[in-house]
Amino acid sequence: MIPLFSIGFLDIEWLDIIDVLLVTVLLYQLYKLLTGSVALKIFLGLLSVYLLYLVVKAAGMELLTIILGQFMGVGVLAAIIVFQPEIRRFLLMIGKTTAFNNERLFKGFPWRRTENADKLSITPFIEAAKSLAGKNTGALIVFARSSELRYFAESGDAIDAIVSKRLLISIFNKNSPLHDGAVIIQGNRIKAARCILPVTESNDVPASMGLRHRAAIGLSEVTDSVVLVVSEETGQISLVRNGEVFRNLSAADLRSKLNHFLFDIEPKVVEKVAAA
């Protein structure tokens, strides 16, 4: 391959430039993933040890090189153990954005038409949200899309029941043992309740948003799910998708956005309030 230009004894080619750009993008995404978490400080500590290892090796300090070399030998395994949550979140983020995860890709196939024929009714959710909001009763409802959410469903209690307004209200009743956690909707059924969701580590979430909103944002960052939140403090109804929060929705706005997010029915007006 003919070099583009030379820097001293280095011949720079197109492949070298692409390589540097890809590494830059990867490091930037890694920095975004670790920013605001304890893992960033651990990563910087490991990087400092590695740089020290390179220095003592270049200086010919054999004893210290052997000691640090043994440490670096198990460094990859230690990093996998220490950064397990971050690695899992990174892989989920990659899987979420791949073409094979896009349900539109398979929409024309027979099995997709059968699935769409049994369409979820959003009316019980709107009526339940209005009722819960009027009583300042908190709620957290997850609409699973292409992500199955089995891991999160198994953290709660399996229900596998037909969706109804009364059932949703009874689950989130403050005296119910199932109210503390999220309800996961799979297909047109309530799959599980009292489920634990991952909380976002973003520092950009407003202080007015509580743990329910942070959990909703956290799940939407790593999956393509749509999350309905009813605030216990203010009674406001919100929807969360892809880390974005749509706050203080009326019943009409809630119906319009659910139709848009779940069934790709374009709303007349869609206003976005970025939260992350």
Side-chain angles (χ1 to χ4, degrees), residues 84-98 100-103 106 111-112 114-116 118-126 128-129 132 137-201 210-232 237-245 254 258 261-263 276:
Q84 186 270 336
E86 284 74 22
I87 293 173
R88 182 176 181 276
R89 188 146 50 96
F90 180 68
L91 294 176
L92 282 171
M93 183 175 63
I94 293 176
K96 174 184 172 183
T97 57
T98 57
F100 290 104
N101 196 43
N102 192 343
E103 60 182 7
F106 304 104
W111 61 84
R112 296 298 299 175
T114 302
E115 187 176 308
N116 290 335
D118 195 13
K119 188 176 178 180
L120 172 70
S121 173
I122 61 175
T123 300
F125 300 101
I126 297 171
L132 293 168
T137 301
L140 190 58
I141 303 174
V142 178
F143 299 92
R145 302 188 70 200
S146 61
S147 301
E148 191 175 353
L149 306 182
R150 180 180 301 175
Y151 172 80
F152 303 108
E154 289 176 351
S155 68
D157 297 328
I159 294 182
D160 191 24
I162 297 174
V163 176
S164 70
K165 171 187 174 182
R166 292 185 181 88
L167 181 55
L168 291 169
I169 292 175
S170 65
I171 288 175
F172 290 109
N173 185 288
K174 295 178 181 179
N175 296 321
S176 169
L178 300 176
H179 82 282
D180 190 15
V183 162
I184 294 180
I185 308 299
Q186 185 81 48
N188 61 350
R189 299 181 71 84
I190 300 177
K191 185 172 184 179
R194 205 176 62 85
C195 300
I196 300 173
L197 305 184
V199 178
T200 182
E201 296 182 1
L211 188 59
R212 285 189 179 88
H213 288 87
R214 296 188 69 90
I217 295 170
L219 182 67
S220 70
E221 288 173 340
V222 297
T223 71
D224 62 348
S225 304
V226 177
V227 189
L228 170 62
V229 185
V230 178
S231 173
E232 187 173 345
I237 301 173
S238 305
L239 274 182
V240 183
R241 186 186 69 157
N242 294 335
E244 294 178 315
V245 183
L254 179 60
L258 281 176
F261 296 156
L262 299 179
F263 312 122

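What you see is a predicted model; the values in this text were computed from it and never measured.
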Per the side-chain hydrogen bond (donor to acceptor under 3.5 Å, both in side chains) rule, what does the pair list look like for residues 153-168, sequence neighbours excluded? D157-R194, D160-R189
If every non-hydrogen atom of L149 is compared with every non-hydrogen atom of V142, which pair is closest and at what distance? CD1-CG1, 3.6 Å
Atom CG in L262, atom CZ in R241: separation rounded to 0.5 Å? 9.5 Å
Over all atoms of both residues, closest heavy-atom pair of G243 and S220: N-OG, 2.9 Å
Closest heavy-atom pair, P124 versus L168, reported as atoms and distance to 0.1 Å, is O-CD1, 4.0 Å
Only counting residues at least two apart or in another chain, list the ones meeting side-chain contact (heavy atoms from CB on, under 4.5 Å) with A161. I159, L167
Residue pair H213, S231: steps toward the side chain to side chain contact (heavy atoms under 4.5 Å, CB included) verdict: CA-CA 8 Å; H213 288 87; S231 173; 4.1 Å; yes
Working to the nearest 0.5 Å, report the span between CD1 of I217 and CG of N242. 12.0 Å
By side-chain hydrogen bond (donor to acceptor under 3.5 Å, both in side chains), Q186 pairs with (sequence neighbours left out) none
Which heavy-atom pair separates D224 from R145 by the least distance, and what is that distance? O-CD, 3.1 Å
Test ring-ring contact (aromatic ring centres under 6.0 Å, His included) on F125 and F143 and set out the steps. CA-CA 11 Å; F125 300 101; F143 299 92; 4.8 Å; yes
Spacing of CD1 belonging to I162 relative to CD1 belonging to I190, to within rounding of 0.5 Å: 10.0 Å
In chain order, what residues pass the side-chain contact (heavy atoms from CB on, under 4.5 Å) check against A129, with sequence neighbours excluded? L228, V230, I237, L254
Within the side chain of S225, is there an N or O that forms a donor-acceptor pair under 3.5 Å with the backbone of A144? no
Over all atoms of both residues, closest heavy-atom pair of L120 and F263: O-CZ, 3.4 Å
Closest approach of F152 to C195 (non-hydrogen atoms, all atoms of both residues): O-CB, 3.5 Å
Quick one: are L239 and V227 in side-chain contact, heavy atoms under 4.5 Å? no
Could you give all pairs that pass the side-chain hydrogen bond (donor to acceptor under 3.5 Å, both in side chains) test and reach residues 171-182, with sequence neighbours left out? none
I122 CD1 to N188 CG distance, which is reported to the nearest 0.5 Å: 14.0 Å
How would you list, by chain and number, every residue that makes a side-chain hydrogen bond (donor to acceptor under 3.5 Å, both in side chains) with T137, sequence neighbours excluded? none
